Q: 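The structure follows.
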Amino acid sequence: MDKLNDPALHKTSSYIQGMWQNSNEKDHKDNGNKDKVAVINPANGQVVSYVSNASSVDAELAIKSAKKAFSSWSKTPAAKRSELMRKWFELMLANKDDLARILTLEQGKPLAEAKGEIAYGASFIEWFAEEAKRVYGDTIPSPGQDKRIIVIKQPIGVVTAITPWNFPNAMIARKAAAALAAGCTFVVRPAIETPLSALAMAELAERAGIPAGVFNVVVGDDAPGIGRTLTEHPDVAKFTFTGSTQVGSLLMRQCATGVKRTSMELGGNAPFIVFDDADLDAAVQGAIASKYRNAGQTCVCTNRIFVHNKIKEQFCDRFVSEVSRLVMGNGLNEAVNIGPLISRKAVDSVHSLVQDAAQQGAKILIGGTPLNDSLFYPPTVVCDVTNDMCLANQEIFGPVSPIIGFDSEEEVIAMANDTEFGLAAYFYSRDIGRIWRVAEGLEYGMVGVNEGLISNAAAPFGGVKQSGNGREGSKYGLDDYMEIKYLCLGGLDK
Ligand code: SIN
C-alpha cells in the first residue's frame with residue numbers, strides 16, 4: 001500500500017452519507033464484536049491493512065442516507081447524472097494502476113488481470129452513463145377514444161447490494177452503475193476479504209462529484225446481521241447479490257418478507273464442449289482462458305470439459321501442454337498468471353474434490369497437489385471424470401479442469417444440462433446446423449460459441465435455473481432498477 005501513486009485511495013472506514021465513518025463503537029461493545037478487521041494478502045498471509053468494522057447499525061444509517069439522497073438524485077436530470085458518472089469512469093481509468101495494485105494485494109489475482117478488471121468495471125460505468133440518457137417510455141393505442149395510454153419508467157428507490165471477493169471492483173461497478181443511471185441510490189456491503197477496492201471506488205465517486213448518500217459502502221464482518229438489514233429494511237426497494245446459490249436463496253427468502261425486487265447472480269457449473277469438428281487449437285485456447293481466469297474463481301469459469309471421444313486424447317495432450325506453461329505465484333510478479341486461492345477453506349474444498357475423483361478412478365494428468373501451507377493450488381487437469389462425480393457436479397471455484405468423454409450431440413447436451421445451475425456454457429464446433437441446435441438446446445443464460453471469454457458491458461450477463469435472475473450490463477440491465485408506471489389519460493373526448 002505504501003507504493004500507491006495516490007495514497008489517499010487507501011481508505012479504511014465505511015463511506016456513509018458522503019463521510020468516512022468509523023464503526024459504531026457502542027454497538028460493537030454491546031455485541032462483543034471487534035472494532036477492526038485485518039485485510040490479508042492471500043499470496044503471503046501478510047496484513048495489507050486494517051479496516052473499521054461496521055455493524056448492522058451502520059448499514060441502517062447508510063440506508064437512511066440513501067433514502068434521503070434518493071429524493072434529489074432521482075430528480076436530477078439524466079444528462080447531469082450521466083456527466084457525473086462519466087467523470088467517475090474517467091477517474092477509475094486515470095487511477096487504474098493504483099486500483100489494480102490494491103485489488104491484487106487484497107485478492108491475489110495477477111496484476112495484469114487486476115488491471116483488466118478495473119477497465120472492465122469502469123466500462124459498466126461508462127455504458128450506463130450513456131444508457132441513463134436513453135430511458136424511453138411508450139404510448140400504446142387505447143381501446144377507447146376518450147383515453148390515452150402512456151408508460152413511463154421511474155427509478156425503483158434505494159438499492160442494496162452484497163458483492164463477492166472474486167471481482168472486488170467490477171461486481172460493484174456493474175450493479176452501482178445501473179442503479180445510479182436509473183436514478184436509484186445505492187448501499188453496498190463488499191466481501192470482508194476485499195473491502196479496500198470498494199472504498200477506493202467510493203473515494204473516486206466523491207471526487208467525481210456524486211452527491212453524498214447516493215453511493216454508500218458498509219464494511220463489516222457481521223455478514224448475517226448486515227445482510228439481514230440490507231434485505232429486510234423497509235426503506236429498501238431492491239436487493240442485488242452476486243455469490244453462491246446457497247447464500248443467495250437465503251437472502252431471497254429474507255427479501256420475500258418485504259416483497260422486495262431482487263436480481264441475483266449465483267453459482268454456475270459451466271460445461272465446455274469440444275465437438276469432433278472443432279478447431280482444436282482454438283478450443284484449447286478458449287478452455288485455458290475460460291477455466292484459469294482468476295485461478296478458476298469466477299461463476300462463469302468452465303467447470304466441466306466435455307470432449308468427443310474421437311479427439312479426446314489429442315485434446316488432452318495439447319491442453320496439458322498449455323496448462324504446464326501457466327506460472328503460479330504472487331500476482332505482483334509480472335510473469336505470473338495464476339494467483340493464490342482466497343482462503344484455506346477454498347484450497348481444502350478444491351483438493352477434496354480432486355481427491356474424491358481420483359479415488360473413483362479419474363486420472364490426474366497434471367497438478368493435483370497443494371503447495372505446502374500456502375493458498376496456492378497448482379493448475380490441474382483430471383481426465384476420465386464422469387458427470388456424477390462431485391468434481392463434475394459441484395462448482396469447483398479453483399484451477400482444476402475435469403475432462404469427460406462423449407460420443408453424440410444428444411448425449412452431451414443432456415449431460416451439460418444435468419445440473420441445477422444455468423449460468424454460462426461454451427462449445428466449439430464448425431458445423432452451422434449443430435451450432436444452432438446446441439446453442440438453443442443448452443439451458444443456460446449465456447452461451448459462448450467458439451469463444452471462451454464472453455463477459456462485457458454491452459452483453460446481458462445472468463443465468464437461469466438456480467443460477468439466479470435478472471440481467472446485468474447491456475440495454476436490458478437498466479430495467480432491473482426501474483419500475484414501469486402506466487398513466488391512463490381519460491376524459492379526452494370533451
Ligand atoms: C462472476 O464470477 O461472478 C463474474 C464473472 C464475470 O463478470 O465475467
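Note that ligands are numbered from 1 as they come in the structure, with each ligand's atoms numbered from 1 the same way. Model, not experiment: these values are computed from the prediction. Keep in mind that the numbers below use all heavy atoms, side chains included, and drop hydrogens, waters and symmetry copies.
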Q: So which protein heavy atom does atom 3 (O) of ligand 1 come closest to, and at what separation?
A: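 Atom 3 (O) of ligand 1 sits closest to the protein heavy atom E265 OE1, 3.0 Å.
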Q: If the test is side-chain contact (heavy atoms from CB on, under 4.5 Å), which one of L365, I338, I366 qualifies with V323?
A: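 Only match with V323 under side-chain contact (heavy atoms from CB on, under 4.5 Å): I366.
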Q: Under 4.0 Å from a heavy atom of T298: give me the atoms of ligand 1 that qualify, with their elements.
A: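 Taking each heavy atom of T298 in turn, ligand 1 has 2 (O) under 4.0 Å.
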Q: Could you tell me whether ligand 1 has any atom less than 4.0 Å away from a heavy atom of Q297?
A: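 So Q297 does not count as touching ligand 1.
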Q: What protein heavy atom sits nearest atom 7 (O) of ligand 1, and how far off is it?
A: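 Answer for atom 7 (O) of ligand 1: Y120 OH, 2.7 Å.
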Q: Salt bridge check, D281 against R318: does any charged N sit closer than 4.0 Å to a carboxylate O?
A: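 Salt bridge between R318 and D281, a charged N being under 4.0 Å from a carboxylate O: yes.
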Q: Regarding ligand 1, does T242 bring an N or O atom to under 3.5 Å of one of the ligand's N or O atoms?
A: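 No: no nitrogen or oxygen of T242 is under 3.5 Å from one in ligand 1.
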Q: Any idea which atoms of ligand 1 are less than 4.0 Å away from a heavy-atom of V300?
A: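 It comes down to these atoms of ligand 1: 5 (C), 8 (O).
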Q: Which atoms of ligand 1 sit under 4.0 Å from any heavy atom of R174?
A: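 Near R174, the atoms of ligand 1 are 4 (C), 7 (O).
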Q: Under 3.5 Å between any N/O of C299 and any N/O of ligand 1: does that happen in this structure?
A: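 Yes - when backbone and side-chain N and O of C299 are compared with those of ligand 1, one distance drops under 3.5 Å.
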Q: Which residue and atom name correspond to the protein heavy atom nearest atom 5 (C) of ligand 1, and how close is it?
A: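 It is F167 CE1, 3.7 Å.
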Q: Go through N53 and D221 one step at a time and tell me if the side chain to side chain donor-acceptor pair (under 3.5 Å) criterion holds.
A: CA-CA 7 Å; N53 190 12; D221 70 354; 3.0 Å; yes
Q: Would you mind checking which non-hydrogen protein atom is closest to atom 8 (O) of ligand 1, with the distance to 0.1 Å?
A: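 Result: S455 OG, 2.6 Å.
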Q: Would you please test K175 and T240 for side chain to side chain donor-acceptor pair (under 3.5 Å) and show each step?
A: CA-CA 8 Å; K175 295 174 189 304; T240 171; 2.9 Å; yes
Q: Short list, please: which atoms of ligand 1 are under 4.0 Å from a heavy atom of N166?
A: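 Going through ligand 1 atom by atom, the ones under 4.0 Å from N166 are 1 (C), 2 (O).
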Q: Do K238's NZ or CZ and the ring of F186 fall within the cation-pi criteria of under 6.0 Å and 45°?
A: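 So K238 doesn't make the cation-pi contact.
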Q: Show your reasoning for whether ring pair (Phe, Tyr, Trp, His ring centres under 6.0 Å) applies to F397 and Y377.
A: CA-CA 11 Å; F397 240 66; Y377 198 88; over 10 Å; no
Q: I need the atoms of ligand 1 closer than 4.0 Å to a non-hydrogen atom of F461, numbered in the order shown.
A: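 With F461 as reference, the close atoms of ligand 1 come out as 4 (C), 5 (C), 6 (C), 7 (O), 8 (O).
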Q: Compare all side-chain heavy atoms of L84 with those of W73 and state whether any distance is below 4.5 angstrom.
A: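 The answer is yes, as the side chains (C-beta and beyond) meet within the 4.5 Å cut-off.
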Q: Do R174 and F461 meet the cation-pi criteria used here (NZ or CZ under 6.0 Å from the six-membered ring centre, within 45° of the axis)?
A: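 Yes - R174 lies over the ring of F461, closer than 6.0 Å to its centre and within 45° of its axis.
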